[in-house]
Amino acid sequence: MPETRTDVVVIGAGLAGLVAACEALDRGRTVRIVEQEGRQSIGGQAWWSFGGLLLVDSPEQRRLGIRDSVGLARDDWMRAAGFDAEGDEHGRRWAEAYLDFAHRELRPWLRELGVRLFPVVGHAERGARTPGGHGNTVPRFHIVWGTGPGLVAPFTRRLRDAVADGRATLSFRHRVERLLVEDSRVVGVAGDRLADDLTVRGEPSSREVVGAFELRAESVVVATGGIGGELDRVRSLWPERLGPPPREALAGVPAHVDGSGLGLAEAAGAALVHGDRMWHYTEGIANWDPVWPGHGIRILPGPSSLWLDHRGHRLPSPNYPGFDTLTTLAHLRSVGAEHSWFVLTQSIVEKEFTLSGSEQNPDLTGRSLRRLAQRVLPGAPAPVQAFLDHGEDFVVASSVTELLDGMERLGEGDLDRAAVVAAIEERDAAVADPASTDPQAIEIRRAREYLGDRLVRTAAPHRILDERHWPLIAVRLRTLTRKTLGGILTDLDSRALDADGAPVPGLFAVGEAAGFGGGGVHGSRALEGTFLGGCLHTGRRAGRVA
């Protein structure tokens, strides 16, 4: 078995691993990245992402009249996180550190790397002002111009330069099976070399073993991601507070996102914490053109759609489109809903439906001002229209009867047609009354007070039964797996810690494998935009010391 030595081995070529590698290279370290997938998968889940980052008190916010501060962001974060009195000390420290990073360091650093931000700040996970709600009090969701690929690109460019001058090596199709430990110190990795495979990014790849490898290093960084592609494991760790696990779920990440690095770190002495903390979405739809098995896409909705459970009953406050996803998920699971429904109009879908993912937003991903301008033209954006035309979860109807018939065809035989009609009428009456105290109607009006929402994210209020805004649309929504919020316990240098809180010499963990820092920086629920930011933050800290 050939043996190679380097200063730093990074397991995983996702965003957190790339950042850690680049930061280590900047310190003069030699680096080898080992990745079980092919070179077409560099960038990991970040490449597929919408490119959203939570920043605090940014110039983009201030230009739009958004008054934000670290104190306000901290209040939102701590309220959402619900940290335990004991066992969350490292998560709290990481949360404080991330807020400072998002306020002072993140934007200048990215600009230095050539990354630019879309000027309109989104209000993802809104709802902090709603009774019982969690989320962002003000808009903080900054979209990278170029989405996920635009965020990954500067780090891949730096790595290519380092490979060219011999300071870095990229070893694809290398699957780590164990960490090498000597005298309680991690000194390298060993595993299998897999057969070359030219599958498209995200498609399942061959697991044929063609050899073995062993690498020695002073530092090993685990950057292998979470468990979102391993649906059986998601179910086995599903927390009671979210109700029973879904019988079926859509996969928001490829199958190779299986949490393998967590077991490697634990076997080497690292502590795994908060395994039952996870972040899955309730607005999942089956991809009409899937890349991996069970491939799901998330709708990023505006606030105007009517949300119903599987039977057709309106969801209670604060479970509205674009609000706290875990609260909604817990409610749906508590009533036994394997799916739920959005009911809306063509006018709402044209203005308020955005699909998460770089491939679903070719205008932003391709940095095309011409294509971006088409979003304000009549008609749904092309990726949304493709789902309306081909998606298995969509009903497009020219009458209420036709809508209900379509919902029954896609449902499980338990739709209450009268309840659907009653919910539509209740919602319509509230939207039509400027003095209504209906919580969703209040939030629709409040959203339109913000220029960014009024311009690009919120339809002019109207009744769903107003035929001028038809056709009617119903969308079947299912649970979509995505993020792991727990993971390898780490200190603020991203050093892996054992059960007693002592560093495991030579071992570091970053990104989702580390619960985005400290084994759980988000606590029990996250503020949207902190996942990619957490990869950047943990990778940067690890690379500075590994």
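Just so you know, these numbers come straight off a predicted model, no measurement behind them.
Atom CG in Leu472 sits 5.5 Å away from atom CG in Leu403 (nearest 0.5 Å). Here the straight-line distance linking atom CZ of Phe323 with atom CD of Glu443 works out to 4.0 Å at 0.5 Å rounding. Here His310 contributes atom NE2 and Leu415 contributes atom CG; the two are 10.0 Å apart, rounded to the nearest 0.5 Å. How far CD1 of Ile348 is from CD1 of Ile464: 5.5 Å, rounded to the nearest 0.5 Å. Between the OG atom of Ser317 and the CG atom of Asp438 there is a distance of 8.5 Å, given to the nearest 0.5 Å. We find the CD1-OH distance between Ile444 and Tyr320 to be 9.5 Å, quoted to the nearest 0.5 Å.
With respect to Tyr98, the side chain to side chain contact (heavy atoms under 4.5 Å, CB included) criterion is satisfied by exactly one of Thr538, Leu536, Thr530: Thr530.
Aromatic ring centres of His537 and Phe516: separated by at least 6.0 Å.
Around the CZ atom of Arg235, the shell of radius 6.0 Å holds more than 12 heavy atoms that belong to other residues, nucleotides or ligands.
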Practice task
For salt bridge (charged side-chain N to carboxylate O under 4.0 Å, His left out), just list the numbers for Arg93 and Glu96, CA-CA rounded to whole Å, side-chain angles, deciding distance to a tenth of an Å, and then say yes or no.
Solution key: CA-CA 5 Å; Arg93 293 186 193 114; Glu96 293 284 356; over 6 Å; no
Handout entry: Worked check of salt bridge (charged side-chain N to carboxylate O under 4.0 Å, His left out) between Arg63 and Glu60
Key = CA-CA 5 Å; Arg63 280 195 290 269; Glu60 287 76 18; 3.5 Å; yes
Exercise for the section: Would you sort out whether Arg104 and Asp100 count as a salt bridge (charged side-chain N to carboxylate O under 4.0 Å, His left out), showing the intermediate values? Expected result: CA-CA 6 Å; Arg104 300 178 186 276; Asp100 183 71; 2.8 Å; yes
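With hydrogens and angles ignored, the 3.5 Å screen pairs a side-chain donor or acceptor of Glu338 with a backbone N or O of Arg247. In this structure a side-chain-to-backbone donor-acceptor pair under 3.5 Å is present from Arg448 to Thr458.
No side-chain donor from either of Arg445 and Ser436 sits under 3.5 Å from a side-chain acceptor of the other. At a cut-off of 3.5 Å, with distance as the only test, no side-chain donor of His390 or Asp289 sits close to an acceptor on the other residue. Ser347 and His462 form no side-chain donor-acceptor contact under 3.5 Å, judged by distance and modelled atom types alone. Using modelled atom types, one finds no donor on one side chain facing an acceptor on the other under 3.5 Å when comparing Thr325 with Trp279.
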